[in-house]
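Below: the structure, in structure tokens.
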There are 2 protein chains.
Amino acid sequence: MAEKTHTISELSREFGITTRTIRYYEEKGLIHPRREGQTRLYSTADRVRIKLILRGKRIGMTLEESVSVIDLYDPNNNNATQLQALVATVQERRAALLQQKADIDDTLSSLGEVEQLCSRALQENLLVIDSPDS
Amino acid sequence: MAEKTHTISELSREFGITTRTIRYYEEKGLIHPRREGQTRLYSTADRVRIKLILRGKRIGMTLEESVSVIDLYDPNNNNATQLQALVATVQERRAALLQQKADIDDTLSSLGEVEQLCSRALQENLLVIDSPDS
DNA sequence: GCGCGACTTTACGTTAACGTAAACGTAAAC
DNA sequence: GTTTACGTTTACGTTAACGTAAAGTCGCGC
């Protein structure tokens, strides 16, 4: 039951990122692919970590922030005493995310207004203009 | 009915950013404060633009992206022909924002799981440990 | 006149997240 | 045997978004 592995170019194609980016993530300690001689072999766990990193990026997290969120899952970090701090961290991050959602909703409604203005203006123009390229 | 104006330090305090940041925004053409001799005077319109820029930053937009959203409101950009492109832009940005919301919801539920794991672990420990610093 | 606080300009420094180029190894394909 | 495709390391370059330090101006309170 050998674990399925991926090459670096497979992952780069799948995620639409360069191999440089993937190696950079390793260089920064975000992933730890196996080695077969020289070449890197990525487990599905590595793949998931990359996916989560990219998700973090989409919502404006730095790489470091993404890692800090991902590592919350690591059972090794459960130093009992640290758990309290961890909970606090979670709370903070949740608050930031809720703020983000509110910001996004505000921006979405802004876009809605803009869109209405546009479509109205377009309608008016359509009544006046005959051919677009005269 | 003189428009209410603000000094640079007022705004920096209000928004929790440095004066350097505000001047940088001007340098990049994001705002255009009036001048009273040497010193800058900010209108409420300037203030709003800064507010929107900071909102954009919170959801991971670059300054340029924020400006492009803000400028959608500018009636000067309504070059009739450009309106179609504008609508398309709005659609794209909306899609990105919806993706972001989904990403945030995913992250939020991740945090929820982490939190549960933590509180359970903490409860178990409370049954075993007497004094925290022995 | 002198210091202060708030404002200004100019300019070099910094960090994150890669891009890009050089120079090389290896294995399959022609 | 050499081109093609994929992998590697090393290392310098780049952009955004400011930080930071130096040096100066301006009105006030004493």
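Values below: every heavy atom of this structure, side chains too, minus hydrogens, waters and symmetry copies. Chain identifiers are assigned alphabetically (A, B, ...) following the order of the sequence lines, protein sequences preceding nucleic acid strands; residue numbering begins at 1 within each chain.
In summary, the side chains of D46(B) and S43(B) do present a donor paired with an acceptor at a separation below 3.5 Å, with no hydrogens or angles considered. T107(A) and R55(B) form a side-chain donor-acceptor contact under 3.5 Å, judged by distance and modelled atom types alone.
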I'd like a table of atom pairs between the protein and nucleotides 16-18 of chain C - only N or O on both sides, under 3.5 Å - with the distance next to each one.
from, atom 1, to, atom 2, distance (Å)
dA17(C), OP1, L63(A), N, 2.9
dC18(C), OP1, K57(A), NZ, 2.9
dC18(C), OP2, Y25(A), OH, 2.9
dC18(C), OP2, K57(A), NZ, 3.1

Fill in the blank from the handout: Note, DNA chain C 5' to 3' with Watson-Crick or G-U pairs under 3.5 Å encoded as ( ), [ ], | and . gives ||||||||||||||||||||||||||||||
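If you chain together hydrophobic residues whose side chains sit under 4.5 Å apart, Y42(A) and L30(A) fall into the same group.
E36(A) places its CD atom 13 Å from the C1' atom of dG7(D), with the value rounded to the nearest Å. The CD-P distance, from E27(B) to dA11(C), rounds to 12 Å in whole Å.
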Problem - Protein proximity profile, nucleotides 4-9 of chain C - base contact B, sugar-phosphate-only contact S, no contact -, cut-off 4.0 Å on heavy atoms - result: --SSBB
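When atom types are taken as modelled, the side chain of E65(B) and the backbone of T62(B) share a donor-acceptor pair closer than 3.5 angstrom.
Qualifying side-chain hydrogen bond (donor to acceptor under 3.5 Å, both in side chains) partners for D105(B), counting only residues two or more places apart in sequence or in other chains: K101(A). Scored by the side-chain contact (heavy atoms from CB on, under 4.5 Å) test, R94(A) finds V90(A), Q91(A), L98(A), L108(B), L111(B), E115(B) as partners (sequence neighbours excluded). Evaluation of the side-chain contact (heavy atoms from CB on, under 4.5 Å) rule for T7(B) yields S9(B), E10(B) as partners, not counting sequence neighbours.
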Exercise for the section: Give the intermediate values and the outcome of salt bridge (charged side-chain N to carboxylate O under 4.0 Å, His left out) for residues D103(A) and K57(B). Expected result: CA-CA 10 Å; D103(A) 287 330; K57(B) 286 198 58 178; over 6 Å; no
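Electrostatic pairing of E26(B) and R35(B) counts as a salt bridge here, judged by a charged N lying under 4.0 Å from a carboxylate O.
Surrounding CD of E36(A) are at most 12 heavy atoms belonging to other residues, nucleotides or ligands under 6.0 Å away.
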